[in-house]
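Just below is one structure, and these are the notes that go with it.
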There are 2 protein chains.
Amino acid sequence: MHSFTEENYLKAIYKLQETNGEVVATSALAQVMGVHAPSVTDMLKRMAGKKLVTYQKSKGFKLTEKGKQVAVGIIRNHRLWEVFLVDKLGYKWDEVHDLAEQLEHIHSEDLTNKLDKFLGFPKADPHGDPIPDANGVLPKSKAVLLSSLKVGEQGTFTGVTDHTPAFLNYLDKAGISLGNTLKVKAIEEFDQTYTIQLNDKKGAVISHKVANSLLVNK
Amino acid sequence: MHSFTEENYLKAIYKLQETNGEVVATSALAQVMGVHAPSVTDMLKRMAGKKLVTYQKSKGFKLTEKGKQVAVGIIRNHRLWEVFLVDKLGYKWDEVHDLAEQLEHIHSEDLTNKLDKFLGFPKADPHGDPIPDANGVLPKSKAVLLSSLKVGEQGTFTGVTDHTPAFLNYLDKAGISLGNTLKVKAIEEFDQTYTIQLNDKKGAVISHKVANSLLVNK
DNA sequence: TACAATGATTAGACTAATCTAATTATATTT
DNA sequence: AAATATAATTAGATTAGTCTAATCATTGTA
Ligand SMILES: [Mn+2]
Ligand SMILES: [Mn+2]
Ligand SMILES: [Mn+2]
Ligand SMILES: [Mn+2]
């Protein structure tokens with residue numbers, strides 16, 4: 001089918017489009033793929049030939065519908081395997097990403113669907129990221145950053161925007177887990193430090209940097 | 001670490017050494033790898049450079065201890081994933097080989113060991129093939145071919161030497177499953193057709209070709 | 001609008017893994 | 001032992017994915 005390399009490019013383009021807008025620059029892609037710009041130009045020309053992306057010299061590129069389907073399929077695999085690793089094998093949420101990077105490239109729609117069923121059709125991965133369904137439909141999330149809440153507002157912690165083990169470990173240490181309810185008690189004016197109340201009991205003080213990496217459903 | 005291609009060569013060499021003796025010929029390996037002879041010569045020279053095989057021009061080659069360790073590791077992965085697919089995801093034993101060919105190349109000893117634990121440390125895969133332990137020790141099997149049994153002898157069906165879906169499907173249809181006890185009731189002198197009794201009740205008539213692909217523990 | 005800075009592409013080269021065609025080495029017959 | 005058949009290697013080419021150095025294109029500022 002497609003090579004691992006192609007699949008990784010598609011996934012990277014998809015994510016860049018999600019956050020940085022429709023058109024993706026060579027340099028941005030080179031950066032996230034960890035290669036130099038000419039490699040991207042070469043690769044994208046090949047992929048344009050396969051109708052996975054549209055490409056106009058020096059203008060950037062976008063995924064075609066076909067390219068988007070492949071990308072979403074890989075993301076579905078990735079997130080389902082992460083659930084498997086955490087729920088079934090006992091991995092912690094900060095340990096699974098690199099393994100899922102390998103497992104996501106196993107080529108079998110049937111396997112993906114059987115895995116989905118085995119896991120009980122989870123809606124989100126261990127980091128709260130939504131899992132596309134078998135038709136490639138990715139539920140639109142209405143979560144917002146904790147840093148957008150005002151004093152007195154509350155919500156449920158449903159995801160992170162920073163997926164690094166360092167940050168995930170910090171959350172473990174601070175006793176903040178997916179599903180916790182939290183309420184903003186105070187925001188320090190000087191440096192936007194948040195004082196929150198977790199699960200209607202424990203209190204916690206977190207920096208703006210942290211509040212800016214936590215997603216909550218109001 | 002090692003490329004998928006290298007790992008597949010190592011596995012193929014290992015299996016050829018198991019059945020055809022210590023020294024492996026270029027042509028034999030080309031055949032099982034589905035490539036032409038010069039590709040094998042090239043590849044083996046590269047692999048000799050990495051101390052995975054020993055190679056003497058025009059004399060054939062063997063695995064080094066290091067090469068053997070890698071090969072056994074891949075076989076361990078392959079068989080554990082096959083158990084996972086059958087026991088946990090509900091695949092049938094004739095459907096899992098090609099998926100396991102992909103999954104066996106996931107690089108993580110820790111994952112392999114966690115999977116092993118999750119599966120309850122199985123001793124054999126769905127086809128009865130023994131699973132090497134975490135130290136790479138592969139239990140020596142003392143199973144013999146059913147075709148080596150005499151009239152009146154009995155045993156337990158513990159494995160196959162033909163792993164093709166066609167053969168496995170035939171066994172399903174004939175009601176012959178791993179773990180069944182079987183007793184030789186008669187052997188037709190003309191064509192070595194076996195009449196056997198399964199699990200002390202059902203009888204079955206099987207060709208010599210079939211008896212020659214079934215492994216039993218006496 | 002021209003010029004400099006930044007970003008993208010082309011040119012040319014490399015490695016892994018493969019191929020076909022030609023050559024050389026080993027094994028088998030006479 | 002020489003002739004022949006078979007097996008293996010070398011030579012030269014190809015494709016995917018990458019690189020560095022050189023060139024070209026775009027953008028934003030003077
Ligand atoms: Mn991940
Ligand atoms: Mn995730
Ligand atoms: Mn198999
Ligand atoms: Mn098997």
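Below, chain A is the first sequence line, B the second, and so on; all start at residue 1.
- Per the geometry, CD belonging to A:Gln56 stands 11 Å off P belonging to C:dT9, to the nearest Å.
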Any N/O pairs under 3.5 Å between the protein and nucleotides 3-6 of chain D? List them or say none.
none

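- By the neighbour-count criterion of 12 heavy atoms within 6.0 Å, atom NZ of A:Lys66 is densely surrounded, having more than that number from other residues, nucleotides or ligands.
- With no hydrogens or angles considered, a side-chain donor-acceptor pair links A:Asp129 and A:His163 at under 3.5 Å.
- In this structure B:Lys11 satisfies the side chain to side chain donor-acceptor pair (under 3.5 Å) test together with B:Glu101, B:Glu104, sequence neighbours excluded.
- B:Asn135 places no side-chain N or O within donor-acceptor distance of the main-chain N or O of B:Val137, the cut-off being under 3.5 Å.
- Atom OH of residue A:Tyr91 and atom CG of residue B:Leu111 lie 4.5 Å apart, to the nearest 0.5 angstrom.
- Across residues 66-74 of chain A, not one residue has a non-hydrogen atom less than 4.0 Å from an atom of DNA chain C.
- Cation-pi contact between A:Lys88 and A:Phe118: present, with separation from the ring centre below 6.0 Å and deviation from the ring axis of at most 45°.
- For the residue pair A:Asp191 / A:Thr193, a side-chain donor-acceptor distance below 3.5 Å is found, with atom types taken as modelled.
- Between B:Phe84 and A:Phe84, the ring centre distance stays below 6.0 Å.
- Scanning for salt bridge (charged side-chain N to carboxylate O under 4.0 Å, His left out) contacts around B:Glu7 gives an empty result, with sequence neighbours left out.
- The CG atom of B:Leu44 sits 17 Å away from the P atom of D:dA7 (whole-angstrom rounding).
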Exercise. What does nucleotides 15-24 of chain D look like as a protein-contact string, B for base, S for sugar-phosphate only, - for none, at under 4.0 angstrom between heavy atoms?
Worked result: --BBBBB---
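- Residue contacts shown for B:Phe61 are absent, as no nucleic acid heavy atom lies under 4.0 Å away.
- With hydrogens and angles left out, the side-chain atoms of B:Thr164 and B:Asp162 include a donor and acceptor closer than 3.5 Å.
- For the residue pair B:His127 / B:Glu82, a side-chain donor-acceptor distance below 3.5 Å is found, with atom types taken as modelled.
- Rounding to whole angstrom units, NZ of residue A:Lys59 and C1' of D:dA25 are separated by 9 Å.
- Here B:His78 and B:His97 bring their ring centres to under 6.0 angstrom of each other.
- Nucleotide C:dA16 holds its P atom 13 Å from the CG atom of B:Leu52, rounded to whole Å.
- Using modelled atom types, one finds a donor on one side chain and an acceptor on the other under 3.5 Å when comparing A:Trp93 with A:Asp172.
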What protein N or O atoms touch nucleotides 2-7 of chain C N or O atoms at under 3.5 angstrom, if any, and at what distances?
none

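- With rounding to whole Å, A:Leu29 atom CG is found 11 Å from C:dT9 atom P.
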